[in-house]
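All remarks here apply to the structure that follows.
Atoms considered below: every heavy atom in the structure, side chains included; atoms not considered: hydrogens, waters and symmetry mates. Please read all numbers here as calculations on a predicted model, not as lab measurements.
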Number of protein chains: 2
Amino acid sequence: MQTKRPPLSRERVIAAAMALADEKGAAGVTMRALATRLGVEAMSLYNHVAGREDLLDGMVDAVFGEIELPVSTADWKIAMRDRAASSRAALRRHPWAVGLMDSRSQPGPAILRHHDAVLGALRTGGFSVAMAAHAFSVIDSYLYGFVMQELSLPFTSAAELDEIAGDILSDLPADAYPHLTELITKHALKPGYEYADEFEFGLSLILDALHPDEVSSPVTSRPGSRGR
Amino acid sequence: MQTKRPPLSRERVIAAAMALADEKGAAGVTMRALATRLGVEAMSLYNHVAGREDLLDGMVDAVFGEIELPVSTADWKIAMRDRAASSRAALRRHPWAVGLMDSRSQPGPAILRHHDAVLGALRTGGFSVAMAAHAFSVIDSYLYGFVMQELSLPFTSAAELDEIAGDILSDLPADAYPHLTELITKHALKPGYEYADEFEFGLSLILDALHPDEVSSPVTSRPGSRGR
DNA sequence: AGGCTAGACTTACGGTGTAAGTCCGTCAAG
DNA sequence: CTTGACGGACTTACACCGTAAGTCTAGCCT
């Protein structure tokens, strides 16, 4: 008479795997460790998941499922900004996701739904198909690239930065990388600096450089924003 | 009297690992397979490399070593464009590198040298320290993000795209992702379309939106390009 | 009541990174 | 020339990995 356990399912397996990855990192997600966490033996997982690769696919898709979809009614720029913030938050909540995104070629349903919604928001914002493709590519590339860099930094808080920067600077010869040391001493170590703030700069730069190229925008089109 | 083999060294080990990764992917780089390729036993590698993680660190750094450094004399925009092209080429030559970049927090000497050179090019192009940091962040984020997406696409050539797109479209219900199907049918399947071309659009968009914010640019400063 | 089946289980296999210890060729000092 | 040290390649061994294959049992449908 074991202590009643809820039935296994693909969703429960993936959810547990995500929690495990959040704690131990992607490498910590082994079939045995995951099974133990679920009070089960390793091979039982294979009744709900085709294998480790399929499991990782599911995890990535689930992360995309956490991103709130842009609504097509709002101003496209606000929609893109909200989506970027939501995406970045999700990817930071699950730092292993970025590393898993490459190497996984088959997009899951949440990813497709997400991409579709983004394209929709751009289209109703007045972007042609071609221009929407362009915009989508720049914004997403920037988003993923930024988070990737952000997550691979060896520090999280400004306090940690202080400490680590000191170590780095004392380690390497002071004049070997002059511009790098200049950046660290004269900029990054200034009180109030957070690399995270760079996100806003780049995002605004990109969004402000993008312009709808169709006149048919139905409701909330502000004149004077088109390039032609 | 064995068939003379050149002495092992960290460089030779890393070079062989890169060749192996190019052929079999990052997962194919096992200590035993690498040793076999070098005509040696697995444990011998540990005399030149601290462990697998150290090996991967070295590989990533070596990829950065392949990127040609921007020269500080040229026009900053051209320098950034050349560097972006060179970086993208290197990352496409070694597709495993992007996936290894996150999870590796200690930058190697080639990475530091590269970052320093980029900052230098921006500084002599008339960027303040703060603005150079901004520019560096946007450009690099876009660069890595784009390559990452590019490499995770399930196709390489336009011909493959045709084939795969057909499969995808027939797989999923036609009206489930309307904007996605619109994008594929009305844009991506048009003859001459290559996702790689999107790179140029985004890069130009970003570079054209960046402006030096210091007047002291010594030689090749074209007036009328500043934003203030 | 009987049988089917979904799903958890046990066992086993080849492969992984690497700790620990062995062994030998080279080379410098006496 | 002898000897000693030592760097570096080697063998062995271990714990852990993903998963193929087969077994067992509880619950449901007929």
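One can place CD of A:Glu53 at 14 Å from C1' of D:dC17, the figure rounded to the nearest angstrom. The OH-P distance, from B:Tyr46 to D:dT12, rounds to 18 Å in whole Å. The nearest whole Å value for the distance from the CG atom in A:Leu56 to the C1' atom in D:dG18 is 12 Å. Rounded to whole angstrom, the span from the CZ atom of A:Arg12 across to the C1' atom of C:dG7 amounts to 14 Å. Atom C1' of nucleotide C:dG21 and atom CD of B:Glu41 are separated by 16 Å, given to the nearest angstrom. Atom CZ of B:Arg52 and atom C1' of C:dG15 are 13 Å apart (whole Å). When rounded to the nearest whole Å, the span between CG of B:Asp54 and P of C:dG17 equals 14 Å. Regarding B:Met43, its CE atom lies at a distance of 12 Å from the C1' atom of D:dC14, rounded to whole Å.
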Task: Pair B:Leu207-B:Ile139, side chain to side chain contact (heavy atoms under 4.5 Å, CB included): steps then yes or no - done: CA-CA 8 Å; B:Leu207 291 180; B:Ile139 297 173; 3.8 Å; yes
Task: A:His114 vs A:Arg83, side chain to side chain contact (heavy atoms under 4.5 Å, CB included): CA-CA, chis, key distance, verdict - done: CA-CA 10 Å; A:His114 175 252; A:Arg83 177 195 78 100; 3.1 Å; yes
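Only A:Val29, A:Thr30, A:Met31, listed by number, bring a heavy atom of residues 19-31 of chain A to less than 4.0 angstrom from any atom of DNA chain D.
Considering only heavy atoms from C-beta on, A:His94 comes within 4.5 Å of A:Asp22 through its side chain. Annotation: side chain of A:Phe127 is not in contact with side chain of A:Leu119 (no heavy-atom distance under 4.5 Å).
The base of C:dG15 is not paired with the side chain of B:Arg32 by any donor and acceptor separated by under 3.5 Å.
Not a single donor-acceptor pair under 3.5 Å links the side chain of B:Asp61 to the backbone N or O of B:Pro107.
The side chain of A:Asn47 approaches C:dG7 more closely than any other nucleotide in the set C:dG7, D:dC10, D:dA9. Checking C:dA19, D:dA9, D:dT19 against the side-chain heavy atoms of A:Ala42 singles out D:dT19 as nearest.
Between the side chains of B:Tyr144 and B:Asp140, at least one donor N or O lies within less than 3.5 Å of an accepting N or O.
For the pair B:His48 and D:dG7, the criterion of a side-chain N or O lying under 4.0 Å from OP1 or OP2 is not met.
Closest approach of B:Leu91 to B:Val147, counting heavy atoms only: CB-CG1, 3.8 Å.
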